[in-house]
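Input: a single structure, listed below in structure tokens.
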2 protein chains.
Amino acid sequence: MMKNEESLFCKGKAPNIKRFMEISLLLLLAQEESHGYTLAERLTDFGFSSEEFNIGTLYRTLRKMEKDNYVISKWQEGGQGPKKRVYQITESGKNALAQLIEMLKSRKKRIEKLIDSYEYESLKDKSDNIMKGK
Amino acid sequence: MMKNEESLFCKGKAPNIKRFMEISLLLLLAQEESHGYTLAERLTDFGFSSEEFNIGTLYRTLRKMEKDNYVISKWQEGGQGPKKRVYQITESGKNALAQLIEMLKSRKKRIEKLIDSYEYESLKDKSDNIMKGK
DNA sequence: ATGAATATATGCATTACGCATATATGTTAT
DNA sequence: ATAACATATATGCGTAATGCATATATTCAT
């Protein structure tokens with residue numbers, strides 16, 4: 001039984017149902033180039049509260065995205081404070097983003113299906129109770 | 001920086017952004033008691049295609065759910081074929097399901113925010129191009 | 001007896017995180 | 001001058017939820 005194609009839990013071989021951070025960063029970098037610390041602030045504007053993610057994870061995700069050729073980075077010196085590693089999205093990264101957005105759309109439909117199913121059951125229970133005079 | 005409360009990626013200590021299988025099984029078991037093999041079929045009716053999940057994962061998830069006291073199981077002999085381990089949802093499982101549905105609702109909102117943001121950027125690009133006479 | 005269908009389970013690997021911690025550089029207050 | 005703070009990046013360790021492959025057992029039809 002069972003071979004995987006475009007799974008709910010998995011796309012290809014990876015369990016990438018959770019790639020919110022990566023998708024969000026790609027989206028921000030599609031808007032404009034940026035470095036890690038600024039991206040953290042931009043995520044906040046974007047709807048993430050600063051308690052909701054880990055800054056270490058952000059940097060690690062950016063390094064991984066560069067390894068995957070979704071972004072490239074260069075060191076920017078000269079401003080105030082320490083050097084900044086500035087990231088730019090690549091064409092490959094833009095394509096990945098488009099695909100990930102499609103994945104989010106199908107994920108959203110699945111979630112809606114579950115929620116609807118739950119609420120239909122709840123309604124049914126209520127009308128059962130009404131039928132029984134509860 | 002950063003302390004975790006009700007993360008996008010995480011609820012408490014666990015990275016449970018992906019718990020579709022568990023939620024789906026709880027939902028099915030809230031409807032009626034069932035055993036693994038039947039649940040696999042019912043998931044199919046439910047919108048999962050049989051290629052989209054792993055039957056081993058299903059059984060492993062059910063055992064974990066029992067460990068967490070979300071379900072209880074008993075062996076049912078006497079029918080045709082091998083013995084079946086029949087699962088029933090507990091009150092604790094029903095509470096967990098209600099909470100997980102709430103989690104799905106907020107997750108859905110987050111997904112919508114990302115999709116909207118992506119599509120807004122695409123529209124903006126188009127009108128930029130129009131402004132530039134492209 | 002052989003094979004198919006039914007039924008449950010486990011070992012190994014991977015991914016995307018969280019948390020804690022380390023390191024370094026400017027900037028400001030004392 | 002030094003201590004504290006804000007800025008900035010990175011890594012080690014651990015975990016949850018999954019996939020894939022494989023093992024085991026029972027019943028039924030041929």
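Proteins come first, then strands; the chains are lettered A, B, ... in the order of their sequence lines, and each starts at number 1. These numbers come from the heavy atoms of this one structure, side chains and all, not from hydrogens, waters or symmetry mates. Given the structure is predicted, the values throughout are model-derived calculations rather than measurements.
- Among all heavy-atom pairs drawn from Leu62(A) and Gly36(A), the shortest one is CD1-CA, 3.9 Å.
- Heavy-atom distances under 4.0 Å link DNA chain D to Gly81(B), Pro82(B) of residues 81-95 of chain B, given in residue order.
- Summary for the helix from dA1(C)-dT30(D) to dT30(C)-dA1(D): the axes at its two ends, each from 5 pairs, differ by 10° when rounded to the nearest 10 degrees.
- Residues Glu66(B) and Ser73(B) bring a donor and an acceptor atom of their side chains to less than 3.5 Å of each other.
- Remark: C1' of dA7(C) and NZ of Lys74(B) are 17 Å apart, rounded to the nearest angstrom.
- Across the protein-nucleic acid pair, Phe20(B) atom CZ and dA16(C) atom P stand 17 Å apart, rounded to whole Å.
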Go through the steps for Ser24(B) and Leu114(A) under the test side-chain contact (heavy atoms from CB on, under 4.5 Å), then give the verdict.
CA-CA 7 Å; Ser24(B) 304; Leu114(A) 284 180; 3.7 Å; yes

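- Dashed line: the shortest gap from a side-chain N or O of Tyr37(B) to OP1 or OP2 of dA7(C) is not under 4.0 Å.
- A close approach under 4.0 Å does not occur between any side-chain nitrogen or oxygen of Thr57(A) and OP1 or OP2 of dC17(C).
- In terms of heavy atoms, Leu104(A) sits closest to Ile111(B) at O-CG2, 3.7 Å.
- Atom CG in Leu39(B) sits about 13 Å away from atom P in dA9(C), given to the nearest Å.
- For Leu26(B) against Tyr70(B), the heavy-atom pair with the smallest separation is CD2-CB, 4.1 Å.
- Checked for salt-bridge contact, Arg107(B) and Glu102(B) miss the test: no charged N lies under 4.0 Å from a carboxylate O.
- Put simply, CD on Glu41(A) is 7 Å from P on dT7(D), counting in whole angstrom units.
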Using the rule given for side-chain contact (heavy atoms from CB on, under 4.5 Å), can you reason through Lys74(A) versus Glu33(A), listing the C-alpha separation, both sets of side-chain angles and the distance that settles it, and then say yes or no?
CA-CA 11 Å; Lys74(A) 49 177 193 260; Glu33(A) 62 172 42; 3.8 Å; yes

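- For the pair Gln76(B) CD and dA25(D) P, the computed distance is 22 Å after rounding to whole Å.
- Regarding Leu58(A), its CG atom lies at a distance of 11 Å from the P atom of dA10(D), rounded to whole Å.
- Applying the salt bridge (charged side-chain N to carboxylate O under 4.0 Å, His left out) rule to Glu77(B) yields no partners; only residues at least two apart in sequence or on another chain are considered.
- Closest to the side chain of Arg60(B), out of dG19(D), dT9(D), dT8(C), is dG19(D).
- Atom CG of Asn54(A) is separated from atom P of dG12(D) by 15 Å (rounded to the nearest Å).
- Electrostatic pairing of Lys109(B) and Glu112(B) does not count as a salt bridge here, judged by no charged N lying under 4.0 Å from a carboxylate O.
- In this structure, the nucleotide among dG26(C), dA17(D), dT27(D) sitting nearest to the side chain of Gln80(B) is dT27(D).
- Remark: C1' of dG11(C) and CZ of Arg63(B) are 17 Å apart, rounded to the nearest angstrom.
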